[in-house]
Amino acid sequence: MKILNICGYSWDIGGPPKIIFDHAEVQLKNGAEVTILTPISEGQRLYPVPEGARIVACKRHWLARFWAEFSPELFVWLKEHGEEYDVIHIHGLWHFAGVAPYLLNLKTAKVITIHGLLDKWTLSKGYWKKMIFSWLFQKRILRNTDLIQINNLDEKQDLLNYLGYQHQNVAIVPNGMKLANFMNLPAKGNFRKKYNLPEDKKIVLFLSRINLKKGLDLLLPAFKELARKRDDAILVLAGSDDGYLSQTQSFITGNNLQDYIIPVGLLTGDDKLAAFSDADIFTLPSHSEGFNCSIRSFDFRRSFFDVRQGRFRRSLEGDKFCSFGKPFFE
């Protein structure tokens, strides 16, 4: 089987590249041929590619500022090669790269993974633009898609609310994780030492893109209030800038919170594992989420975490690695 994934495949995109990577490793082991087709802009770092997979990177056009992932180069490549594949797997909604296979009327079977992009909060951002896009493309595309993949029951309801009916072929496939990657975490203290973090303070870890969607407009003021009442905790912000770093830095300096809120940038590999090892609390007050990979990773440590959306609690209740209890901070 030949599988073509279409998605922005760079470090700053967030969860979808990780999901594609994990899926591709399994698909390759089962004999499939996997290609990843991605638009790319100057300065972006491509996400690692599984051994045996192929990546095709096409230059984003400047019009991508107005229509995400717009790339004539990608369109031409897809026109020439799209029907060489058995399955085209499109990740996300609203972007040009996901519409292109339908504009070209490719006969290849198509799968779309929603990635949490139909919930109320996401739809409210750029509402009229999304409504026009829905009328022109998106609803028709979803209606004509062979399979829609979602992460949880809430996304199934989001899809029903958006289409007005339930699509005939929907599969719930939660994001997985490789337990082996977390069997031998770095020794406690490595992360504190590398980033000069005080040993006498609890670490509250936020590990996600620095983006408004991830709830930083809620987290930063909340931690400001916490820092006024007690001085035994620090908030570590680990993630790449995705449009909200300057506001975050302004908030920190404007409220003299440099000793309490500490951005450390994007963490990968052993650095990310070391952060998990040292953290006392994981927080992700996201406005919109499919099923965050970082939550699954932190869940593995049987540690407390705080998430805003009930969909995570419903998904994790009964998980043998997860328990719910009283908050660390009253």
Side-chain angles (χ1 to χ4, degrees), residues 1-41 44-58 60 64 68-69 71 74 77-78 81-82 84-101 106 108-118 141 145-152 155 170-181 207-209 211 239-240 242 266-269 272 288-297:
M1 177 177 283
K2 297 181 70 175
I3 302 169
L4 176 66
N5 290 280
I6 301 179
C7 180
Y9 197 77
S10 56
W11 278 103
D12 56 298
I13 294 297
K18 167 64 174 167
I19 294 166
I20 292 171
F21 184 99
D22 290 344
H23 286 185
E25 282 197 321
V26 176
Q27 291 160 354
L28 290 162
K29 286 179 182 176
N30 283 281
E33 295 180 34
V34 179
T35 300
I36 301 164
L37 177 63
T38 178
I40 195 77
S41 298
Q44 282 187 306
R45 282 175 45 200
L46 285 172
Y47 197 80
V49 180
E51 184 176 351
R54 177 191 178 204
I55 190 160
V56 178
C58 300
R60 275 193 189 91
E69 314 296 21
S71 170
L74 180 145
W77 189 94
L78 200 54
H81 301 285
E84 297 172 8
Y85 293 86
D86 300 297
V87 176
I88 294 176
H89 191 161
I90 298 160
H91 294 264
L93 306 174
W94 317 117
H95 58 83
F96 171 81
V99 172
L106 299 179
T108 308
K110 301 172 191 69
V111 178
I112 292 179
T113 298
I114 300 296
H115 291 295
L117 294 176
L118 285 179
I141 284 171
T145 294
D146 299 281
L147 172 66
I148 297 176
Q149 179 184 326
I150 55 178
N151 292 132
N152 52 59
E155 276 198 309
V170 178
I172 299 177
V173 184
N175 295 337
M177 64 179 289
K178 296 180 183 176
L179 297 182
N181 291 348
L207 196 151
S208 193
R209 289 175 290 134
N211 184 291
S240 58
D242 191 24
L266 177 67
L267 298 179
T268 61
K272 181 162 72 171
S288 169
E289 206 68 56
F291 198 88
N292 186 274
C293 296
S294 295
I295 287 179
R296 293 300 309 175
S297 303

Open item on the list: Please report the interatomic distance CD1(Ile141) to CD1(Ile112), rounded to the nearest 0.5 Å.
Closed with: 6.5 Å

- [ ] List the atom of Met1, the atom of Asp86, and the distance in Å for their closest heavy-atom pair.
- [x] CA-OD2, 3.3 Å

- [ ] Kindly indicate whether the side chain of Ile90, heavy atoms from C-beta on, has any atom under 4.5 Å from the side chain of His95.
- [x] yes

Task: Shortest non-hydrogen separation from Gly92 to Leu117 and the atoms involved - done: CA-CD1, 3.8 Å

Open item on the list: For the CD1 atom of Ile55 and the CD1 atom of Ile20, what is their distance to the nearest 0.5 Å?
Closed with: 9.0 Å

Open item on the list: Could you check whether any side-chain N or O of Gln149 sits under 3.5 Å from a backbone N or O of Ala171, counting only pairs where one atom can act as donor and the other as acceptor?
Closed with: no

Task: Whether Phe21 and Tyr47 hold their rings parallel, tilted or perpendicular, with breakpoints at 30° and 60° - done: perpendicular

Open item on the list: Tell me whether Asn151 contacts the main-chain N or O of Val173 through its side chain, where contact means a donor paired with an acceptor under 3.5 Å.
Closed with: yes

Open item on the list: Checking side chain to side chain contact (heavy atoms under 4.5 Å, CB included) between Ile6 and each of Thr38, Ile88, Thr35, which is the one that passes?
Closed with: Ile88

TODO: Answer yes or no: is there a side-chain heavy-atom contact under 4.5 Å between Ile19 and His115?
DONE: yes

Open item on the list: If I compare all heavy atoms of Ser10 with all of Pro17, which pair ends up nearest, and what's the gap?
Closed with: O-CG, 3.7 Å

Task: Close side-chain approach of Pro50 to Val34, heavy-atom, < 4.5 Å - done: no

Task: Straight-line distance of Arg60 CZ to Ser71 OG, nearest 0.5 Å - done: 8.5 Å

Task: Under 3.5 Å: donor-acceptor pair, side chain of Asn211, backbone of Asp242 - done: yes

Open item on the list: Ignoring hydrogens, what is the shortest heavy-atom contact between Leu266 and Arg45? Give both atom names and the distance.
Closed with: CD2-NH1, 4.4 Å

- [ ] Output the distance between atom CG (Leu118) and atom CD (Glu155), rounded to the nearest 0.5 Å.
- [x] 7.5 Å

TODO: Check whether any side-chain N or O of Thr145 sits under 3.5 Å from a backbone N or O of Ile148 as a donor-acceptor pair, and report yes or no.
DONE: no

TODO: For Asp146 and Val111, indicate whether the former's side chain and the latter's backbone hold a donor-acceptor pair under 3.5 Å.
DONE: no

Task: Contact summary for Cys7 and Pro16, nearest pair of heavy atoms - done: SG-CB, 3.6 Å

Open item on the list: Using side-chain heavy atoms (C-beta onward) and a distance below 4.5 Å, is Leu4 in contact with Leu78?
Closed with: yes

Task: His23 NE2 to His91 NE2 distance, which is reported to the nearest 0.5 Å - done: 7.5 Å

- [ ] Could you pull out the closest heavy-atom pair between Phe96 and Glu69, with the gap in Å?
- [x] CD2-O, 3.6 Å

TODO: To the nearest 0.5 angstrom, please state how far the OG1 atom of Thr113 sits from the NE2 atom of His89.
DONE: 2.5 Å

Open item on the list: I'd like to check Tyr9 versus Val49 (side-chain heavy atoms, cut-off strictly below 4.5 Å). Are they in contact?
Closed with: yes

